[in-house]
Amino acid sequence: MKPVFSIIAPVYNEIACLDTLLDRIQKVMDQTGEPWELVLVDDGSTDGSTDKIRQLAENDQHVRKVILARNFGHQIAVTAGMDYSRGDAVVIIDADLQDPPEVILDLIARWREGYQVVYAQRTEREGETWFKRVTASVFYRSIYRITDIKIPLDTGDFRLLDRKVVNVMNSMRERHLFLRGMSAWVGFKSIGVPYKRAARFAGSTKYPFKKMLKLALTAVTSFSYVPLQLAMWLGFISAGISIITIPVVIVLRLVGSQFFFGQATTLIAVLFLGGVQLISLGILGEYVGRIYDEVKGRPLYTTSETPDDALKTP
Ligand code: UDP
Ligand code: MG
């Protein structure tokens with residue numbers, strides 16, 4: 001039977017969470033009275049989660065397994081899950097139970113009212129370091145200011161998307177994905193549902209600072225040209241300063257002032273401009289690298305096992 005609801009959970013070394021995840025989702029989804037599926041996407045786990053997913057899929061017909069050929073990262077794992085989901089509404093949830101499955105019922109209630117994007121908005125975060133909270137807060141606020149689309153503050157990927165939205169998002173095959181931005185970009189009738197983000201059920205975060213920074217860079221470059229324009233503004237400013245200072249220096253020299261003599265001033269000016277130029281080049285490189293990735297046109301991910309395998313004749 002075609003499911004009405006698809007729950008997608010990307011899994012990267014979350015073996016200790018999987019049983020409880022299925023249990024809690026089962027309890028919640030059975031209350032809806034509709035057929036549902038849980039798409040577990042294994043993102044190249046090395047701790048035995050892969051076998052666990054196989055086993056869950058074997059024992060429970062609600063579980064649909066998608067096994068990626070290596071670690072492709074959280075955003076791509078979710079995209080793979082969306083590709084293999086069949087429901088009329090799709091819920092994206094973390095496998096570590098930081099997003100309480102019970103909130104799904106609130107999301108579904110809003111969907112039934114006619115909203116096509118229902119995002120869960122964090123009002124509180126438990127069990128996360130102050131560093132994570134501060135960086136996350138700065139991240140959401142700067143993205144909001146810099147980018148052209150208004151991504152709701154404090155929302156992660158935990159959300160419900162109508163099939164219509166999923167179809168549009170599936171057609172956006174970007175290599176550097178920022179799903180929350182994309183789901184805001186596509187438009188549609190949206191609303192937020194507040195929730196309290198829990199602590200991790202088990203294990204540790206798979207988003208170290210480096211990965212967070214990478215996601216932040218993707219968010220900015222995918223939705224804004226501001227960094228590119230920054231080079232232009234810096235250029236205008238330094239050109240403006242030199243237009244003002246050149247006649248000043250000439251006059252000072254003519255009247256015999258020693259003020260601008262010496263190598264130190266020259267050195268500072270050269271180093272400053274050199275720095276600005278290198279930073280601008282770096283920003284340009286960031287965009288060019290991304291263009292290069294897009295142009296290569298490689299598939300977003302490769303799978304070693306998919307639900308379709310069962311349908312194929314050997
Ligand atoms: N995840 C993934 N691939 C990765 C990193 C993370 O599939 O390369 C999954 C992870 O298993 C979890 C979700 O993405 O289900 C969110 O990751 P995590 O909880 O580590 O991030 P945090 O909540 O700490 O930001
Ligand atoms: Mg988490």
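Values below: all heavy atoms of this structure, side chains included; hydrogens, waters and symmetry mates excluded. All figures in this text were calculated on a predicted structure; none of them were measured in a lab. Indexing begins at 1, ligand by ligand and atom by atom, following the structure's order. Position 1 is the first residue of the sequence; numbering continues from there.
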Measuring centre to centre across the rings, with the benzene-like ring taken for any Trp, is Phe5 within less than 6.0 Å of Trp111? yes

Between Tyr115 and Phe188 (judged by ring centroids, cut-off 6.0 Å), do the two rings come close enough to count as a pair? no

Where is the tightest heavy-atom contact between Glu37 and Ser85, given as atom of each residue plus distance? OE2-CA, 3.4 Å

Please find the pair of heavy atoms, one from Val117 and one from Gly187, that lie closest to each other, and give the distance. CG2-O, 4.1 Å

Note: Arg290-Glu294 ion pair, threshold 4.0 Å (strictly below): no

Determine whether the side chains of Asp99 and Tyr195 contain a donor N or O and an acceptor N or O closer than 3.5 Å. yes

Can you tell me which residues line ligand 1 if we count any heavy atom under 4.0 angstrom from one of its atoms, in chain and number order? Pro10, Val11, Tyr12, Glu14, Asp43, Asn71, Gly73, His74, Asp94, Ala95, Asp96, Gln98, Lys132, Arg197, Arg200, Thr205, Lys206, Tyr207, Lys211

What pairs with Leu213 under side-chain contact (heavy atoms from CB on, under 4.5 Å), at least two apart in sequence or on another chain? Phe209

Keeping waters out of it, list the protein N, O or S atoms under 2.8 Å from the Mg ion (ligand 2). Asp96 OD2, Gln98 OE1

Which of these, Val39, Leu161, Val41, sits in a side chain to side chain contact (heavy atoms under 4.5 Å, CB included) with Met82? Leu161

Does anything in residues 38-80 form a ring pair (Phe, Tyr, Trp, His ring centres under 6.0 Å)? List the pairs, not counting sequence neighbours. Trp36-His62, His74-Tyr207

